[in-house]
Trainee: 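I have a structure I would like to understand better, so I am pasting it below and will then ask my questions one at a time.
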Amino acid sequence: MSTVTTIKTKRGLWDGGQSPLKVSYGKLMMWFFLLSDAFTFSALLITYGMIRYSHQGYTGTVEAFKFSQEYWPIPEKVFNAVPFLHGVDAPLVFVGIMTFILILSSVTMVLAVEAGHRMDRQAVIKWMLWTIIGGIVFLGCQAWEWSHFIHGAFTGDAVVEGTTFFGANLSFNQYGPPDFAALFFFITGFHGTHVLSGVVINFLIFYRTIDGTYERRGHYEMVEKVGLYWHFVDLVWVFVFTFFYLV
Amino acid sequence: MATVDIHLNEETAHHGDGHHEHEHHETNFWTHYIFTIDHKMIGKQFLITGIFWALIGGTLSILFRLQLGFPDMDMSWLKPILGKWIEIDTATGFGTLDPEFYLALVTMHGTIMVFFVLTAGLSGTFSNYLIPLQIGARDMASGFMNMLSYWFFFLSSAVMFVSLFIETGPASGGWVIYPPLSALPKAVNGSGLGMTLWLVSMVFFIVSSLLGSINYISTVINLRTKGMSFSKLPLTIWAFFLTAVIGVLSFPVLFAAALLLVFDRSFGTSFYLSEIYIDGEALPNQGGSPILFQHLFWFLGHPEVYIVLLPALGITSEIIATNSRKPIFGYRAMIGSMLGITILSFVVWAHHMFVTGMNPFLGSVFMLLTLIIAVPSAVKVFNYLTTLWRGNLVFTPAMLFSIGLVSFFISGGLTGLFLGNSAIDIQLHDTYFVVAHFHLVMGSASFFGLMAGVYHWFPKMFGRMMDAKLGYIHFWLTFVGVYMVFFPMHYIGIAGYPRRYYSFTNFDTFNSFADLNMFVSIAAICTMTAQFIFLYNFFYSMYRGKKAPLNPWKSNTLEWTTPREPGHGNWPGEIPTVYRWPYDYSKPGADVDFIPQHIPYSETPESNLPYENELIKLEAEDKEVKVADGSKH
């Protein structure tokens, strides 16, 4: 076989008869899918931006901040709870931990891909498992975060008009304008759906690594492909995190 | 180097496998016609479904043209078909069309024609059918995903079709489904279940489009046969490739917009809604913006125009060059202008929104960008004309339809210059002038591209010829008909006649146009009727047509090197290698007026240019590789 391909022609990479980018069609498709998905998320984040700037911002001092329907809330004041530490003001600590876990799972995914290059099945299994665990823990954290956001803190003034509505749903919001909560649910939910599907696909790949499919196939390209997806989902979270929690 | 070697091997192995499979592959009815992974059959599936939708979409337009042309007509004879949408006056027995159903007709006509006929029916058919055949591949990169792409489209079609028959009627907020109208079922009946089904259908449609597009792109990049560089690709493939790129980048934004709308409609959010009163009652929604939806929608909506148009332009390039027996004029300029159109198509969307109260400065930026699109468009038009100029024209039906496309592209494109101007748009916005403009430049032009493609590639698709005489009749009736339908609309539009209105009988100003409207409606009915000639020709020729020769149009591209009825895998033997561009028609010195792409320069010394003689050495090297390749087996 090698005798065939060592013959060199003057034909260029793009002259046909081969893959010019030196990748399989599957990986190409994954890249284009991710490009497409990136546009979906961009549309959502632009939506966030447009709605955010059509609302009033908070102009007072941070210390004097109170939740109000009149202006967009300061994220640090909304997301300041940590499980088991009731009433402790820990701005963005929990979401920081979540983000760290997700990024860590990207690292373990890199290690799984690297192990795949070495054809080290045991190492692929190990790192895929850690990646899946990372994904599940992130989803668990998000579930707690949502649940806390939905139920509210049962403290402070609930809704300005004096009615007692704590927490948030798609139409009402204790922390600020209803759109703040709606966008939070929609965008983190859409991202969470991506994480969930990523975990499911990771699990399938994990299973097929265990049953030796890729060993027989002679390469672990599937691990690379889900790896691309997983890194993309992580990258998107960085942007979602920036928009919702930092800006 | 190692990676290159592996992939080269994979590639040859892949091709070898396809060939192997072809010889021993047993198919039955289900795997051959229904759940097929053969790109040719999938293309035909898209075509047949597209024709079905075109009939529905056309019929809907006839219904509302009846209302517009003959506002005083007794419609009770339509009662058996339209049921409760025809209201019968109990005293007189006089039947009138339900105004809300009129809106639904307009909406569904637009939706069906834009998405189901001119996107899926055109791009779906010809991208699937021609990409592997013209680049020299056994099949699409992923036949399975290609199959899924069709079946998602089928599912989407089924949902949209069902929505036509539900009690509250199909979506009726216009094909652009602007909220708040489309978001509030209380506002209009069509925004109830009909709108929900519309959105569900579109989500499936987007999935289908995405699966198809990434397949087309990967196939064009990875599976070109030896020698088929991008600079030797037929312009059809360039067009399909760029169309797929536009689709991959613009449809996801519609996806996001549609999901947000679903939430506004069903889950109580207010992304697009704010400060709305219905029946004097204030809705609780606060803080959203309907303009936001328009931005998101038109970020798809405008590129969508080019998704519809580019494949038709690509098909036209191919057909005009073949039937002028001349190389296409300005091959690289054609590619360049398509690239230009692709890029510009993403930065002009707000010209649909000049009158939404946007900042006039922003308006003038979008006006500038919009008018720049006239440059690549004009380049294409002039290249078509110069290709035709002093050509040895062969007037096949496909050629006539292609020339018809150029005609519509010019006459419709010129009015685009008016509409793209943000000041003149204040007068013309949402009038029949707009209707005339886009029906000519995008609707009819793309439809003619579709027809040209069907007439041209029918012999390859079904191994038989369509009847040319019927084709001529079909062409002339349709060509004249389209102008008679859409030309008068310019006048009506300049006079200020708004789109989507049920009736104009209450406005004294517009009464003078009653006869013109009647004329348009009669022309529309005649044009629609003429399409049945095509239908007859299409289905009759499929079974009874004259058997097609291998290369009926004496064309250069690779699909004509396959057997009359290619099996799965396209070429029974090895895939041909490509040596030259696809437009070597009437080359000086050559004894025939066409030299197909797979003929090496070493075989045509009489017509070679000096630099082409240089390439003969390269061809000799290729042969060596091929010999070595063969020894492997």
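Sequence lines set the chain letters: A, B, ... in the order given, protein chains first and strands last, and positions in each chain run from 1. Keep in mind that this is a model prediction, so the values were computed, not measured.
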Trainee: Please answer whether the main-chain N or O of A:Ser19 pairs with a side-chain N or O of B:Arg224 as donor and acceptor at a distance below 3.5 Å.
Mentor: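 It does not hold such a pair.
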Trainee: For the candidates B:Leu211, B:Leu292, B:Asn285, B:Leu296, which exhibits the highest count of non-hydrogen atom pairs separated by less than 4.5 Å from chain A?
Mentor: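 Of the candidates given, the most pairs with chain A belong to B:Leu292.
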Trainee: Where the side chain of A:Ser36 meets the backbone of B:Val248, is there a donor-acceptor pair that is under 3.5 Å apart?
Mentor: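 Yes, the answer is positive, given that a donor and an acceptor are paired below the 3.5 Å cut-off.
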Trainee: Whether the side chain of B:Asn222 engages the backbone of A:Leu21 through a donor-acceptor N/O pair (distance < 3.5 Å, no angle test) should be reported.
Mentor: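 No, B:Asn222 side chain to A:Leu21 backbone: no donor-acceptor pair under 3.5 Å.
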Trainee: So what's closer than 4.5 Å to chain B heavy atoms on A:Thr47: side chain, backbone, both or neither?
Mentor: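 Contact with chain B is through both the backbone and side chain of A:Thr47.
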Trainee: If you count heavy-atom pairs within less than 4.5 Å of chain B, which of A:Asp37, A:Ile46, A:Leu35, A:Leu183 leads?
Mentor: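 The residue among A:Asp37, A:Ile46, A:Leu35, A:Leu183 with the greatest pair count is A:Leu183.
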Trainee: At a heavy-atom distance under 4.5 Å, which candidate from B:Ile217, B:Leu254, B:Leu249, B:Ile135 has the highest pair count against chain A?
Mentor: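 Maximum pair count with chain A is reached by B:Leu249.
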Trainee: About how many Å separate OG1 of B:Thr577 and CG of A:Asp15, when rounded to the nearest 0.5 Å?
Mentor: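 Reported to 0.5 Å precision, the distance equals 12.0 Å.
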Trainee: Heavy-atom distance under 4.5 Å to chain A: side chain of B:Phe299, backbone, both or neither?
Mentor: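 Interface part for B:Phe299: side chain.
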Trainee: Mind checking the CG-CG spacing from A:Leu170 to B:Asp264? Nearest 0.5 Å is all I need.
Mentor: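 Rounded to the nearest 0.5 Å, the CG-CG separation comes out at 10.0 Å.
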Trainee: Top residue by heavy-atom pair count (under 4.5 Å) with chain B, among A:Leu44, A:Leu28, A:Asn169?
Mentor: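 Most heavy-atom pairs within the cutoff with chain B belong to A:Leu28.
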Trainee: Ring centres under 6.0 Å, that's the criterion: do A:Phe39 and B:Phe251 meet it?
Mentor: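 No, the ring of A:Phe39 stays outside the 6.0 Å limit from the ring of B:Phe251, centre to centre.
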Trainee: Sort A:Met50 into side chain, backbone, both or neither according to what part of it lies under 4.5 angstrom from a heavy atom of chain B.
Mentor: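 A:Met50 touches chain B through side-chain heavy atoms alone.
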Trainee: Given a strict heavy-atom distance threshold of 4.5 Å, which part of B:Phe263 is in contact with chain A: side chain, backbone, both, or neither?
Mentor: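 Side chain of B:Phe263 only, per the 4.5 Å heavy-atom cut-off to chain A.
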Trainee: Could you give me the CA-CA distance, side-chain angles and deciding distance for B:Asn215 and A:Met29, then say whether side-chain contact (heavy atoms from CB on, under 4.5 Å) is met?
Mentor: CA-CA 7 Å; B:Asn215 222 336; A:Met29 285 181 171; 3.0 Å; yes
Trainee: Which atoms of A:Phe33 are under 4.5 Å from chain B, going by heavy atoms: the side chain, the backbone, both sets, or neither?
Mentor: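 It is both, since atoms from each part get that close.
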Trainee: With chain B, which of A:Ala38, A:Ser171, A:Ser54 has the greatest number of heavy-atom pairs at distances under 4.5 Å?
Mentor: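 Going by pairs under 4.5 Å, I would pick A:Ser171.
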Trainee: From A:Thr40 OG1 over to B:Leu259 CG, what is the distance, rounded to the nearest 0.5 angstrom?
Mentor: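 Atom-to-atom, A:Thr40:OG1 and B:Leu259:CG are 8.5 Å apart.
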Trainee: With a 4.5 angstrom heavy-atom cut-off, could you sort out which part of A:Phe185 is near chain B: side chain, backbone, both or neither?
Mentor: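 No part of it gets close to chain B.
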Trainee: Among B:Val253, B:Leu210, B:Ile221, which residue forms the greatest number of heavy-atom pairs with chain A at distances under 4.5 Å?
Mentor: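 Option with the top pair count is B:Ile221.
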Trainee: Using a cut-off of under 4.5 Å on heavy-atom pairs, state which of B:Thr219, B:Thr269, B:Val245 scores highest against chain A.
Mentor: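 That would be B:Thr269.
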Trainee: Under 4.5 Å from any heavy atom of chain A, what part of B:Phe255 do you find: side chain, backbone, both or neither?
Mentor: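 Contact with chain A: side chain only.
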